[in-house]
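Below is one structure, written out as structure tokens; the observations come after it.
It should be emphasised that the depicted structure is a prediction, and the values quoted were computed from it without experimental measurement. Letters A, B, ... are given to chains in the order of the sequence lines, protein chains preceding strands, and every chain is numbered from 1.
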Amino acid sequence: MANDHDRRVRHWTSVARGLLLLVLAMGGNVDRARAAVPEHSGTLTVAVDLEFRGFDPLKARYLQVGDRSVAMAIEERLFDVDAKGNLVPQLALAAKPSRDGKSWTIKLRKGVVFHDGTLFTADAVVAHWQRMLDPGNHFSGLDLIEPVQSVAGIDDHTVRFTLKHPWAAFKDMLSGPQWIGAYIPSPKAVREGTQDRAPVGTGPYIFKEWLTNDRLVVIRNPRYWRKGKPYLDRVVFRPVPDMQARYAGLRSGESDVIMTDRGTHILQAKEDRSLRVYSHDAAGPYTFILNTAKPPLDDVRVRRALAHAWNQDFLLKADYRGTLPLARDPFDGALSCGDTGYRDYDPALARKLIAAYGRKVELELLGTNTPRGREAGEIMQRLFKEIGVTLKLTPLAEGQMVKRVISGDYQMAGWRLTDFGDMGPYLDASLNSKSKLNYSRYRSPRMDELLNIQQTTIDGKARQKALCGVAKLINEDAVFLYGGGRRVHVIAKAGVEGISRIDHGVIRVSDIWLNGAASPPNRGN
Amino acid sequence: MVKKRGITFWLSVAWIALVMTCAVGAGFLPLPAPDQIDWACLATSPDGVHLLGTDNVGRDIAARLFFGARVSLTVGVIAPCIGLVFGSLLGVAAGFYRGWPERVIVGAIDVFLAVPRLVFLLVAMFVFGSGLPAITLALGLLCVPSFARMARANTIRFAGREFVLAARATGADDVAIVLREILPNALMPMVAYALLVMGYVIVAEGGLGFLGLSVPAPAPSWGGMIAEGREVLERAPHVSMIPAAAMFLTVLSVNLIGDGLRGWMDDRESQL
């Protein structure tokens with residue numbers, strides 16, 4: 001009955017809306033009317049690629065691309081970043097460094113309330129950061145925030161971060177939408193241990209339910225501090241691992257917005273007038289990680305040979321249909337280093353290097369058991385065969401593969417760098433010989449020195465020089481192979497309005513509203 | 001009187017012969033290697049250079065189809081044979097001796113049949129790895145129960161017939177009776193059935209290949225080829241459709257041949 005009533009109401013509102021648009025159309029104002037009046041209603045369904053990992057930094061450890069949109073719907077960071085990389089106040093109002101650059105004082109917003117009724121104060125920020133910094137908690141991202149010495153509350157709405165040394169990337173660690181540690185959780189939910197499966201934050205949407213492998217639902221936060229937002233009543237996030245099914249679901253109206261990296265779909269959607277394609281380039285390219293501690297990949301000649309035998313360009317053409325840019329360094333245009341000595345496809349040189357090594361090279365590549373993983377593996381297998389290197393392909397579930405890489409039980413694996421706005425701390429954690437996150441087990445005093453410089457200096461030029469030095473050394477020592485630049489794609493139905501950008505793959509659902517008039521007729525009913 | 005077999009039977013025989021020739025002769029034909037990448041031709045339609053076109057990463061479909069036929073045929077022939085041999089042994093023993101051997105064997109068969117087939121295959125692939133021998137053996141084991149049931153039913157049917165009693169009266173022992181009197185008669189319908197099973201097994205291998213669990217790369221398999229083509233189905237349907245058609249025709253042919261042989265066997269048996 002209630003459904004019937006709802007349907008009737010919706011029916012009449014849509015009729016009324018139609019009449020209104022008709023009237024406006026006669027006045028020639030349709031477009032302005034559509035764009036100017038976001039509607040405060042509706043349910044948005046977003047399909048992502050993988051089941052959500054969870055939202056407690058200690059348990060989930062990191063956010064997958066699809067998790068980020070959920071995190072941002074429920075929780076907030078101290079600052080947002082705009083397209084140019086400037087801080088935009090969110091839970092904090094202003095951040096000021098001390099003169100020596102070794103401490104930052106941050107003013108917090110007043111009158112913000114967590115979904116569970118707890119008031120947002122300095123305590124929430126301090127508790128969250130101390131929890132991550134406490135060595136006893138074994139937070140896996142600890143190496144990323146290693147320069148932070150301590151966090152303390154000055155008063156109810158002021159916190160002070162004390163650093164071990166001036167740190168240029170600090171601002172990025174407060175604001176990066178891709179980093180789980182940037183989101184401030186409710187201290188109560190964290191204390192009670194529920195944050196991971198039922199996250200509580202201050203964001204525009206309140207967590208409602210999470211059915212494993214099916215859906216995660218959030219509903220409008222009526223007490224949200226930003227007046228007039230959000231627009232939607234409900235957002236349903238659905239993990240749909242099969243790319244084909246995800247795209248078909250968008251076409252059939254099952255979902256309104258999807259993430260995809262399938263070249264064929266992206267090109268098709270660009271032709272389709274009922275769909276819109278959004279994309280964003282970030283640092284942190286796709287890679288193939290090499291275990292530099294295990295023979296034969298401990299020999300730099302073998303790694304260099306593989307780099308020359310590998311043809312990234314062809315992979316992008318065959319596998320992504322040219323929808324990803326070529327990656328020659330970890331920054332992907334975010335930092336222009338000029339020539340970083342990228343090793344081009346050159347099988348003759350590769351054969352020479354293998355001959356110099358003098359022994360038979362047999363390798364195993366761990367890949368995800370997806371069409372994407374298999375295709376890339378088979379291309380690599382063929383390319384390596386041409387220089388006399390045998391490659392065995394082992395398809396695994398993503399989790400299994402990650403586990404083997406972390407434990408060091410691998411030779412090569414399909415991998416990617418995390419897409420930080422400032423790649424400095426992440427590169428330090430991934431390549432520094434002392435870091436626990438150095439999964440390629442790469443040890444180089446020269447690399448350590450460069451990483452140290454970029455971590456401790458705040459002189460922009462010196463830092464850029466060091467970071468570019470890191471990129472050059474990666475190519476020189478062939479630490480990993482590049483598998484394409486990080487470009488995320490989101491496809492939405494034409495009736496989904498308000499997507500202004502999708503930096504780091506985040507679909508900012510608080511900005512989105514549904515334009516009923518532009519939706520296909522089967523929407524809703 | 002032997003019935004005349006229709007044109008479909010001979011067309012099926014011709015198709016299977018063609019597939020076998022291609023599979024055996026794949027290495028001698030003027031084709032590129034099945035994992036050879038033509039950098040300039042991605043998912044191109046059939047033309048003069050690539051007889052059946054190329055797949056999404058520029059490999060020759062004809063070459064992959066022929067080499068893939070080896071996998072399908074190997075599995076399709078050997079797996080039913082495994083089923084036939086072990087199934088006959090168990091079924092004849094159960095049907096001939098009755099009593100407790102029958103109870104044990106029939107019980108074991110019932111238990112085995114209760115295990116979902118796909119789950120069994122997935123577990124087998126996970127434990128033994130996905131190589132051609134492992135796949136063939138796993139599919140062969142799956143065929144054993146149905147062959148055993150059939151062998152048992154036929155043995156029971158023949159064990160009471162006059163010629164068996166006559167043989168016993170002349171002093172023949174169990175082994176001689178089974179080998180000379182029962183098996184030759186019980187085996188013929190099972191061979192015809194084996195052809196039907198062959199079709200089933202080829203499809204099952206295709207299913208595993210589709211899930212990426214058949215022979216490891218770079219060896220091609222028909223199921224794997226169909227799965228790879230799924231990505232470009234709208235743009236280049238031939239990448240999926242050619243291996244799908246090959247598999248369809250092969251399975252149809254084995255079934256038709258099986259039907260034809262069964263008809264012939266029934267005629268023969270009615271003369272018995």
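When each of Gly224(B), Gly58(B), Pro218(B) is checked for heavy-atom pairs under 4.5 Å with chain A, Pro218(B) comes out on top. Contacts with chain B were tallied for Leu393(A), Thr394(A), Ile379(A); Ile379(A) has the most, counting heavy-atom pairs under 4.5 Å. Counting heavy-atom pairs under 4.5 Å between each of Arg321(A), Glu375(A), Gln268(A), Lys385(A) and chain B puts Arg321(A) at the top.
By a heavy-atom distance cut of under 4.5 Å, Asp242(A), Gln244(A) are the residues of residues 241-248 of chain A near chain B, going up by number. For residues 27-43 of chain B, a heavy-atom distance under 4.5 Å to chain A picks out Ala33(B), Asp35(B), Gln36(B), Ile37(B), Trp39(B), Leu42(B), given by residue number.
In Phe112(B), the CZ atom is crowded: over 12 heavy atoms of neighbouring residues, nucleotides or ligands sit closer than 6.0 Å. Crowding of Lys294(A) atom NZ: a count of heavy atoms from other residues, nucleotides or ligands under 6.0 Å exceeding 12. Annotation: Phe86(B), atom CZ; neighbour count of heavy atoms from other residues, nucleotides and ligands within 6.0 Å does not exceed 12.
Of all heavy-atom pairs between Leu211(B) and Arg374(A), the closest is O-NH1, 4.0 Å.
Evaluation of the ring-ring contact (aromatic ring centres under 6.0 Å, His included) test over residues 207-239 of chain B, restricted to residues two or more places apart or in two chains, returns none. Each salt bridge (charged side-chain N to carboxylate O under 4.0 Å, His left out) pair with one or both residues in residues 108-128 of chain B, not counting sequence neighbours, appears once here: Asp110(B)-Arg149(B).
Heavy atoms of Leu391(A) lying under 4.5 Å from chain B are absent altogether. Contacts of Pro216(B) with chain A are absent, with no heavy-atom separation under 4.5 Å from either backbone or side chain. There is no contact between Asp319(A) and chain B, counting heavy-atom distances below 4.5 Å. When heavy atoms are compared at a cutoff of 4.5 Å, Lys317(A) approaches chain B by way of both its backbone and its side chain.
Side chains of Arg382(A) and Arg59(B) form no contact here, defined as non-hydrogen atoms less than 4.5 Å apart.
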